[in-house]
Amino acid sequence: MKNKIVIGNWKMNNSFTEAEELLTSIANIMEDMTLETEIVICPAFPYLEMAADLAEDNSFPYYIGAQNVSSEEKGAYTGEVSALMIKSSGADFCIIGHSERRMYFHETNVCLRKKTDIAIVNDLIPIFCVGEQLVEREAQNHFTVIENQLKESLFHLDRSGFERVILAYEPVWAIGTGITATPAQAQEMHAFIRSLVAEKYGTEQAYNTYILYGGSCNSKNALDLFLCKDIDGGLIGGASLTANEFIEIIRAAETSTKND
Ligand code: PGA
């Protein structure tokens with residue numbers, strides 16, 4: 001039995017106080033619940049330290065992740081946030097390759113490869129996102145797109161590097177649109193991703209690799225997705241901004257693990 005991972009990607013939302021309140025509400029509701037599921041919260045950079053401090057104080061355990069990391073180690077890169085800064089603020093995870101970064105900030109597979117390397121060197125766990133655009137799926141290119149994203153950004157890693165990485169399949173057409181991939185569509189892609197990992201790193205590593213689904217995942221559809229054989233949890237955007245909704249998704253993850 002493999003436990004699930006549920007990650008909240010808050011994106012560019014919440015004031016400092018709202019972020020604190022949301023974390024406190026989640027912790028208050030979850031208090032005293034024993035969970036198999038690992039939880040990671042990814043707030044904006046300025047809240048990392050506060051979120052990490054609250055995680056230490058709370059009886060409800062969760063990890064902290066950043067939503068991005070610089071591809072440079074340090075130096076004259078105004079506005080950038082380095083892996084060392086993130087790690088020393090108390091975060092252990094870092095989202096890399098989110099489609100919003102690829103689309104609006106022109107991050108390429110090559111740049112994401114650098115970010116992954118720098119995250120690993122600084123002891124951060126990359127949550128590496130892959131996903132196809134709608135036109136690519138309609139043109140039946142979705143498998144090739146995902147394969148290229150993995151090969152160009154991750155498959156240079158040796159096994160000890162790759163085993164640090166969490167993968168997230170996030171079809172771009174499902175992100176923030178309310179259109180979720182069907183469990184069958186998601187499972188098909190997750191199985192494909194796992195087969196690529198098996199080819200490159202062997203079947204044991206493929207089994208151990210976490211492949212999360214993201215894209216309009218919510219309390220209503222989470223269980224059906226999480227019950228799929230190759231879906232190991234979720235990367236949750238909009239639905240992670242409301243305590244009750246996020247907790248219902250965590251509960252779905254728990255139920256799916258028990259039904260494994
Ligand atoms: P969504 O976002 O759940 O709001 O679709 C997911 C993500 O972008 O990680």
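Just follow the structure's listing: the first ligand is 1, and inside any ligand the first atom is 1. From a predicted model like this one, the values you see are computed outputs, not experimental measurements.
Ligand 1 has no nitrogen or oxygen under 3.5 angstrom from a nitrogen or oxygen of Thr177. An N or O contact shorter than 3.5 Å links Gly176 to ligand 1 by distance.
Under a 4.0 Å criterion applied to the non-hydrogen atoms of Gly238, ligand 1 contributes the atoms 1 (P), 3 (O), 4 (O). Each of the following atoms of ligand 1 lies closer than 4.0 Å to a heavy atom of Gly215: 5 (O). Counting atoms of ligand 1 from 1 in the listed order, those under 4.0 Å from a heavy atom of Gly237 are 1 (P), 2 (O), 3 (O), 4 (O), 6 (C). Of all atoms in ligand 1, listed by their number and element, those nearer than 4.0 Å to a heavy atom of His98 are 7 (C), 8 (O), 9 (O). Near Ala174, the atoms of ligand 1 lying under 4.0 angstrom from a non-hydrogen atom of the residue are 5 (O).
Residues meeting the side chain to side chain donor-acceptor pair (under 3.5 Å) test with Asn9, sequence neighbours left out: none.
Here the heavy atom of the protein found nearest to atom 2 (O) of ligand 1 is Lys11 NZ, 3.3 Å. Among protein heavy atoms, the minimum distance from atom 9 (O) of ligand 1 is reached at Glu170 OE2, 2.7 Å.
Other residues, nucleotides and ligands contribute at most 12 non-hydrogen atoms within 6.0 Å of the NZ atom of Lys220. Around the CZ atom of Phe128, the shell of radius 6.0 Å holds more than 12 heavy atoms that belong to other residues, nucleotides or ligands. The environment of CD in Glu72 is crowded: more than 12 heavy-atom neighbours from other residues, nucleotides or ligands sit within 6.0 Å.
Using a 3.5 Å distance cut-off with no hydrogens or angles, the side chains of His156 and Asp117 do pair a donor with an acceptor. Side chains of Thr17 and Glu21: no donor on one and acceptor on the other come within 3.5 Å. No side-chain N or O of His98 forms a donor-acceptor pair with one of Gln67 less than 3.5 Å apart.
The parts of Ile175 lying near ligand 1 are both backbone and side chain, judged by heavy-atom distances below 4.0 Å.
Residues Tyr201 and Phe155 place their aromatic rings such that the two centres sit under 6.0 Å apart.
Residue contacts with ligand 1 do not include Ala239, since none of its heavy atoms lies under 4.0 Å from the ligand.
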